[in-house]
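The chains referred to below are lettered A, B, ... by the order of the sequence lines, with proteins before strands, and numbering in each begins at 1.
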Number of protein chains: 2
Amino acid sequence: MTKLRSDETVTMQSVAVAAGVSPMTVSNTFRYPERVQEETRQRVLKIAAELGYIPNHAAGNLASGQSRVIGAVIPSIKNSSFYNYVRGMQDHVATEGYQLILKLADTLSQEASAIRTFVGLRVAGIALVGDEHESDVKTLLRKTGVPVVESWVHENPFDMAVGYSTSDATRVITELLIERGYRRIGFVGYQGDVSSRFTERVPTFKQSMEKAGLDSYRIFLVDQADGFGAGPKALEGLCAIDPDLDAIVCPTDIVAAGVLFECGRRGWKVPERLAIAGWGDYEIASEITPGLTTVQPHSYEMGQRAMSLIIERAAGSGATGMMVDTGFHIVKRASA
Amino acid sequence: MTKLRSDETVTMQSVAVAAGVSPMTVSNTFRYPERVQEETRQRVLKIAAELGYIPNHAAGNLASGQSRVIGAVIPSIKNSSFYNYVRGMQDHVATEGYQLILKLADTLSQEASAIRTFVGLRVAGIALVGDEHESDVKTLLRKTGVPVVESWVHENPFDMAVGYSTSDATRVITELLIERGYRRIGFVGYQGDVSSRFTERVPTFKQSMEKAGLDSYRIFLVDQADGFGAGPKALEGLCAIDPDLDAIVCPTDIVAAGVLFECGRRGWKVPERLAIAGWGDYEIASEITPGLTTVQPHSYEMGQRAMSLIIERAAGSGATGMMVDTGFHIVKRASA
DNA sequence: TCGGCGTTTTGTAGCGCTACAATATTCTGT
DNA sequence: ACAGAATATTGTAGCGCTACAAAACGCCGA
């Protein structure tokens with residue numbers, strides 16, 4: 001439809017004519033302002049604004065082989081866990097003159113399709129979550145050489161990575177519960193084909209428990225898609241294993257909140273009857289009563305660093321294999 | 001960086017050579033498969049896959065003036081209200097061979113920047129939320145003629161719109177409370193520069209109350225950024241107006257949940273002491289106890305219809321001014 | 001006044017792809 | 001076996017922009 005009336009399409013050419021300069025000067029005005037004399041630049045900018053000129057990114061990208069758009073694949077916006085991550089990315093790219101576009105993908109094959117779109121768009125870089133990807137797209141990404149950063153990944157980056165150790169965090173939060181006197185601690189994990197940032201927690205939990213001389217068999221897996229609903233299921237499942245359960249470690253604050261709501265229904269006091277630990281420090285963690293003790297990953301910083309890694313590489317500096325650990329901290333509230 | 005080793009870049013040309021056909025046949029294989037003989041197509045597809053060829057969308061877009069990428073601007077992913085909307089969009093475009101990319105924008109100027117990026121990318125269409133946009137970008141959008149659909153908008157579309165009447169919904173939920181015997185009903189609104197899909201509720205609330213012969217002065221405004229925290233503030237504010245408040249209408253389920261948590265802290269029974277109505281039917285509405293009575297907008301359908309409007313226009317049919325009402329329904333739960 | 005230098009501006013060519021028209025190939029029916 | 005239609009494939013040209021090299025301009029001191 002843009003083509004229907006090509007006489008109306010505002011192109012760099014038409015701006016150039018209107019401003020009485022060559023197209024190259026218009027191009028330079030936008031891409032390398034310092035190469036153009038102040039006076040000329042102002043004139044071009046003014047004319048461009050009057051005409052409503054928007055550079056055709058597709059053409060620029062084609063001609064230069066460069067792009068100032070970065071693509072990020074986000075697993076889900078169902079809960080707020082990626083909110084700060086996205087905000088960090090967005091804020092950072094804005095300061096560098098880049099643009100961020102997002103695609104949502106709940107499954108590996110959706111992720112693959114999203115990556116293909118981004119590659120087709122010839123973006124300057126791609127941010128992914130987690131370290132599990134279809135092998136086809138790995139080959140593809142290798143071949144194109146586009147900078148890729150994996151977030152929430154702590155080791156063995158595909159290209160570059162930024163994250164924290166979920167294993168360390170699991171250990172720290174488990175030890176906190178033990179230290180506070182809880183002994184019959186249950187662990188809730190996700191079942192099915194989930195990211196290693198979840199699966200690697202189970203062995204660490206077991207290890208931490210055993211190191212303290214405690215039983216580590218109270219483990220129950222729930223479906224990641226269940227959201228709050230996973231809470232009641234998990235509680236029921238763990239009580240079937242041990243009715244005298246005294247604490248529970250949840251994979252996210254959403255599940256933890258679900259458990260808390262279920263405790264309410266059962267008339268169980270938290271943390272007296274059952275202590276609850278969450279993960280992610282979602283907004284709800286601080287709003288419900290009692291507040292949730294939870295793991296706070298530095299998601300905002302993660303988003304920022306993810307973008308800076310990509311931008312460095314796009315700008316020529318930076319190297320493959322880069323790894324940034326953004327750490328985490330435990331937020332202690334009343335639930336545990 | 002893609003250019004560093006141009007001998008390694010897989011282009012349509014290189015696929016054509018490897019498959020022993022002309023570039024046009026490769027192009028047709030991807031864009032108009034029916035124009036290419038089955039046998040030839042299979043061969044080209046096979047070679048393309050082996051070489052890891054991904055069509056350069058930037059080049060295709062430039063040459064054809066068409067794009068199969070649609071951009072959507074989402075106000076926030078902080079809560080789940082847009083989850084189903086995005087899912088509806090994503091599912092629909094997938095069936096039509098389009099791709100959806102997202103940009104987040106919390107403010108009008110961020111929205112404007114997002115729109116500029118999309119226009120620069122020459123997307124096939126743009127989906128926005130709400131009907132308030134910077135006048136500059138309105139001019140720009142008018143000029144480029146790109147199909148634009150506004151969601152959550154019920155009248156006077158800029159180009160096309162899909163939504164439901166928040167005014168009708170306000171009336172229905174207020175009448176429900178009245179019908180159930182509540183008389184001292186308070187209304188929570190958002191203050192500041194918020195979308196008309198929020199502001200238009202206040203007059204309807206007043207009108208509904210007055211029509212029933214009830215007082216309509218119990219109105220309190222909270223900051224949209226406050227999330228759950230807005231609940232306690234709103235409750236406090238409304239109690240200052242009328243300590244005997246018996247029901248409360250919230251702008252979102254998040255605020256309603258915040259109110260509910262605050263009631264828990266105060267030891268108030270819901271709905272005996274205070275009835276609570278939410279908005280949006282977020283996941284949390286069905287998970288907390290008591291469940292929230294709330295307005296369920298058909299967000300998923302809204303997303304689907306938004307995309308179908310754009311795709312129809314991109315495909316040549318469809319007209320400006322189209323409006324789709326996706327309706328809403330009230331989910332009755334225990335809170336009111 | 002003029003060569004020489006740095007700054008600013010401008011042709012030229014081509015990025016990878018697709019619309020379109022033209023050509024080549026295959027398939028009808030007689 | 002062959003005209004004519006239908007189908008399949010292929011040149012040509014150009015989309016809007018930018019890298020690069022070449023040209024034009026302005027300014028200085030001699």
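- Partners of A/E155 according to the side chain to side chain donor-acceptor pair (under 3.5 Å) rule, which considers only residues two or more places apart in sequence or in another chain, do not exist here.
- Closest contact between the side chain of B/M24 and the listed nucleotides C/dT9, D/dT12, C/dT12 involves D/dT12.
- A/F30 comes within 4.0 angstrom of nothing in the nucleic acid, heavy atoms only.
- We find that CZ of A/R35 is positioned 13 Å from C1' of C/dT7, with the value rounded to whole Å.
- Ion pairing of B/R313 with B/D159 is present here, as a side-chain N (NZ or NE/NH1/NH2) and a carboxylate O approach within less than 4.0 Å.
- Within the 4.0 Å cut-off from OP1 or OP2 of C/dT7, not a single side-chain nitrogen or oxygen of A/Q37 is found.
- With respect to the salt-bridge test (charged N to carboxylate O, under 4.0 angstrom), the residues B/K138 and B/E134 do not qualify.
- For B/T40, whose side chain is taken as the heavy atoms from C-beta onward, the closest listed nucleotide among D/dT10, C/dG16, D/dT9 is D/dT9.
- Taking atom CD1 of A/I54 as the reference point, atom C1' of D/dC17 lies 15 Å away to the nearest angstrom.
- A/P55 comes within contact range of the sugar-phosphate backbone alone, with a heavy-atom separation under 4.0 Å but no base atom that close.
- Following rounding to the nearest Å, A/H57 (NE2) and C/dC15 (P) show an atom-to-atom distance of 19 Å.
- Sorted by first then second residue, the side chain to side chain donor-acceptor pair (under 3.5 Å) pairs that include residues 15-34 of chain A, not counting sequence neighbours, are A/S22-A/T25.
- The phosphate of C/dC17 has OP1 or OP2 within less than 4.0 Å of a side-chain N or O from B/T11.
- For B/T25 and B/A59, each mapped to the nucleotide of DNA chain D holding its nearest heavy atom, the one lying further toward the 5' end belongs to B/T25.
- What separates CG of A/N56 from P of D/dT18 is a distance of 9 Å, to the nearest Å.
- Between the side chains of B/H133 and B/E150, at least one donor N or O lies within less than 3.5 Å of an accepting N or O.
- Rounded to whole Å, the distance from CD on A/Q66 to P on C/dG14 is 20 Å.
- Taking side-chain N and O atoms only, A/S27 has no distance below 4.0 Å to OP1 or OP2 of D/dC17.
- Across the protein-nucleic acid pair, A/L62 atom CG and C/dG14 atom P stand 14 Å apart, rounded to whole Å.
- Within the structure, a side-chain polar atom (N or O) of B/Y32 is placed less than 4.0 Å from OP1 or OP2 of C/dA19.
- Under 4.0 angstrom from either OP1 or OP2 of D/dA19 there lies at least one side-chain N or O belonging to A/R31.
- Note: CD (A/E38) to P (C/dT8) measures 11 Å, nearest angstrom.
- Put simply, CG on B/L121 is 14 Å from P on D/dC17, counting in whole angstrom units.
- Close to C/dT10, at under 4.0 Å from its OP1 or OP2, lies a side-chain N or O of A/S22.
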